[in-house]
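Below is one structure, written out as structure tokens, with a few remarks after it.
Nothing here was measured: the structure is a model prediction, and the numbers come from that model. Every number for a ligand or one of its atoms is a count from 1 in the order of the listing.
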Amino acid sequence: MFGTLASGDIETARLRRNLGVTRNLGFSCGGFDGMRLEDDNMKPQQHGGDDEGEQVADETSPFQIQQHPFQQIQQKLVVGYALTSKKKKSFLQPKLELMARRKGICFVAIDLNRPLSEQGPFDVVLHKLLGKEWQEVIEGYQQTHPEVTVLDPPNAIQRIYNRQSMLQGMAELKLSDCSGSMLVPKQMVVLKDSASSADKVVEAGLKYPLVAKPLWIDGTAKSHQLFLAYDRHSLAELDPPLVLQEFVNHGGVMFKVFVVGDIIKVVRRFSLPNISNCDKAKVDGAFQFPRVSSSAASADNADLDPSVAELPPKSFLEALVKELRTLLGLRLFNIDMIREHGSENVFYVIDVNYFPGYGKMPDYEQVFVDFFCNLAQARHKKRHCK
Ligand SMILES: Nc1ncnc2c1ncn2[C@@H]1O[C@H](COP(=O)(O)OP(=O)(O)OP(=O)(O)O)[C@@H](O)[C@H]1O
Ligand SMILES: O=P(O)(O)O[C@H]1[C@H](O)[C@@H](O)[C@H](OP(=O)(O)O)[C@@H](OP(=O)(O)O)[C@H]1O
Ligand SMILES: [Mg+2]
Ligand SMILES: [Mg+2]
């Protein structure tokens, strides 16, 4: 039997029958492991009967799904996923699985202990795993399975796992909307300890303070250990390989622009406060700072100065994301943007993240169901319009 049958297979089979999943995939759609599935739009109801398309019955069943009787759901899309357990827990939440299944979108766990080509068939492979081994597996799979949509192509992901290549080409983008302007902070790479780094900073025309960021992003906490370097002497305290990026005053609020295909959602997060000239004169050395803009630092409901907290113009973001989708070759990413303090709409892109924490994005379940439905439609058209 392909795939990894979820525990409670009888219940899964019963649920599939009641959901009218008609396409026999040769393996169960993993993910239902006896969880209680709640969905805003549905209220569990007491219905007896086991007939095809009937409601799932009684209180004792772990599944309390109200489904319109006799609704047959055509399997539209099979999404194989290879995610860390942490990411699976935060992304593949029960509500998303339920809403997706009702649209014929099925998530199947990829068994990492078996050849990927022997699993499936998949319409989509959704992945976020680190390490050379997985990258080789998915690159090989792409070659042998061009018909499968790989989210996202490994080479595009690798590009943003390097903080230098991540931002390359952005400053040159020509946007179709001029309600804002997009820049990238001046930055330079320091590959190894060298006393000459300080001189190179001067040659590169960078101004202190600088944000020192690990050059490589490898999913470990270390790749998120950032420092503020106030002067040339503090560079010796840092561990290359690094990117040194000019600090841009932005009023202590940043914008996380989540992208899911053509769908864009923006959230506000707290950020580092401005650094005054007085601060610069008083402070020296390098200081590590915490993940100040994590999901816990939401500023969506904070009472903030509008000139700082006003969201970037929608048309500007749409124009920017359209260009970034092409430049980066990605569909699942977010960008961190800051507004230059005192400017109306001069924005700096300071970070790009692949397959970020979407579980924290408002209405992320509906966003992804719409995304996968659009993907299924596009694949159908491509297959039948040859
Ligand atoms: N050039 C900069 N100017 C001003 N503030 C900055 C700059 N770069 C980073 N920051 C601040 O540091 C925070 C973290 O930076 P960045 O997003 O680059 O790190 P990260 O480790 O990739 O974070 P994550 O991936 O969790 O978003 C930003 O949200 C912002 O508050
Ligand atoms: O969703 P936001 O608030 O942007 O935070 C994300 C970070 O930006 C990403 O860098 C994290 O991914 P990595 O830890 O693999 O870099 C990502 O970790 P995750 O993949 O475990 O969700 C998130 O922490
Ligand atoms: Mg960031
Ligand atoms: Mg990041």
Side-chain angles (χ1 to χ4, degrees), residues 81-93 96 126-132 134-135 138 151-152 154 156-168 170 182 184-185 187 211-228 241-248 250 252-260 263-272 288-300 312 317 321 324 328 330-339 347-365 367-368:
Y81 63 87
L83 301 171
T84 60
S85 52
K86 172 179 174 254
K87 181 59 102 175
K88 179 188 182 288
K89 189 162 176 279
S90 67
F91 174 71
L92 212 48
Q93 295 178 31
L96 169 59
L126 175 67
H127 68 111
K128 182 175 185 179
L129 289 175
L130 293 146
K132 199 81 192 120
W134 171 253
Q135 189 179 341
I138 195 75
L151 289 178
D152 269 304
I157 298 171
Q158 288 314 309
R159 170 195 161 127
I160 63 162
Y161 279 164
N162 172 307
R163 292 185 191 269
Q164 182 183 33
S165 51
M166 170 198 285
L167 302 177
Q168 251 159 7
M170 286 197 188
M182 192 277 297
V184 166
Q187 65 178 34
V211 187
K213 307 181 183 184
L215 178 61
W216 301 99
I217 290 158
D218 59 9
T220 62
K222 190 172 181 338
S223 58
H224 296 283
Q225 286 176 357
L226 275 53
F227 289 79
L228 265 174
L242 292 166
V243 162
L244 297 177
Q245 192 181 81
E246 275 189 348
F247 180 87
V248 177
H250 53 284
V253 173
M254 56 86 68
F255 308 102
K256 266 192 189 276
V257 182
F258 287 91
V259 178
V260 182
I263 302 162
I264 303 171
K265 289 263 182 184
V266 193
V267 297
R268 267 191 216 92
R269 297 271 176 86
F270 287 111
S271 179
L272 292 175
Q288 186 176 349
F289 58 91
R291 293 184 78 169
V292 288
S293 308
S294 70
S295 54
S298 170
D300 282 331
L317 284 182
V321 166
L324 287 179
L328 300 174
L330 293 173
R331 293 191 235 208
L332 303 179
F333 62 98
N334 75 13
I335 51 171
D336 290 348
M337 286 173 74
I338 53 180
R339 175 190 274 113
F347 296 97
Y348 282 81
V349 173
I350 56 174
D351 182 28
V352 184
N353 301 294
Y354 171 62
F355 201 153
Y358 285 114
K360 299 165 273 191
M361 182 177 82
D363 304 326
Y364 93 98
E365 299 91 347
V367 168
F368 270 89

Checking a contact table here: which protein heavy atom is nearest [atom], and how many Å away?
{"atom": "atom 23 (C) of ligand 2", "value": "Gly357 N, 4.0 Å"}
{"atom": "atom 12 (O) of ligand 2", "value": "Lys128 NZ, 3.1 Å"}
{"atom": "atom 4 (O) of ligand 2", "value": "Lys256 NZ, 2.7 Å"}
{"atom": "atom 7 (C) of ligand 2", "value": "Arg291 NH2, 3.7 Å"}

For [X] and [Y], work out which heavy atoms get closest and say how close.
{"X": "Gly357", "Y": "Phe258", "answer": "O-CE2, 4.0 Å"}
{"X": "Ile160", "Y": "Met166", "answer": "O-CE, 3.4 Å"}
{"X": "Tyr354", "Y": "Leu330", "answer": "CD1-CD2, 4.1 Å"}
{"X": "Phe270", "Y": "Ser293", "answer": "O-OG, 2.9 Å"}
{"X": "Met337", "Y": "Val349", "answer": "CG-CG2, 4.0 Å"}
{"X": "Pro362", "Y": "Val267", "answer": "CD-CG1, 3.9 Å"}

Handout entry: Lys265 and Asp363: CA distance, side-chain angles, deciding distance, salt bridge (Lys or Arg N to Asp or Glu O under 4.0 Å) verdict
Key = CA-CA 9 Å; Lys265 289 263 182 184; Asp363 304 326; 3.6 Å; yes
Exercise for the section: Check whether any side-chain N or O of Asp336 sits under 3.5 Å from a backbone N or O of Met254 as a donor-acceptor pair, and report yes or no. Expected result: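 Pair absent, no side-chain N/O of Asp336 close to backbone of Met254.
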Practice task
For the Mg ion (ligand 3), state how many protein N, O or S atoms fall inside a distance shorter than 2.8 Å.
Solution key: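 Step by step: take the Mg ion (ligand 3), keep protein N, O, S below 2.8 Å, and you get 2.
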Practice task
Applying side chain to side chain donor-acceptor pair (under 3.5 Å), name anything that partners Trp216, two or more places apart in sequence or on another chain.
Solution key: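 Counting only residues at least two positions away or on another chain, Trp216 forms no side chain to side chain donor-acceptor pair (under 3.5 Å).
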Practice task
Nearest heavy atom to atom 21 (O) of ligand 2 wins, so pick from Lys87, Arg269, Lys86, Lys360.
Solution key: Lys86
Exercise for the section: Select the closest option to atom 8 (O) of ligand 2 among Asn353, Leu83, Thr220, judged by heavy-atom distance. Expected result: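 The residue whose heavy atom sits nearest atom 8 (O) of ligand 2 is Asn353.
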Fill in the blank from the handout: At under 4.0 Å between heavy atoms, what of Asp351 touches ligand 2? The answer is neither
Fill in the blank from the handout: Near Ile217 (heavy-atom distance under 4.0 Å), the atoms of ligand 2 are 16 (O)
Problem - His224: numbered ligand 2 atoms lying under 4.0 Å from its heavy atoms - result: 10 (O), 13 (P), 14 (O), 16 (O)
Exercise for the section: Report yes if Asn334 has an N/O atom closer than 3.5 Å to an N/O atom of ligand 2; otherwise report no. Expected result: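 Yes.
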Practice task
Specify whether Tyr364 and Phe368 have parallel, tilted or perpendicular ring planes, treating 30° as the upper limit for parallel and 60° as the lower limit for perpendicular.
Solution key: perpendicular
Handout entry: Test: Asp351 and Arg163 ion pair at under 4.0 Å
Key = yes
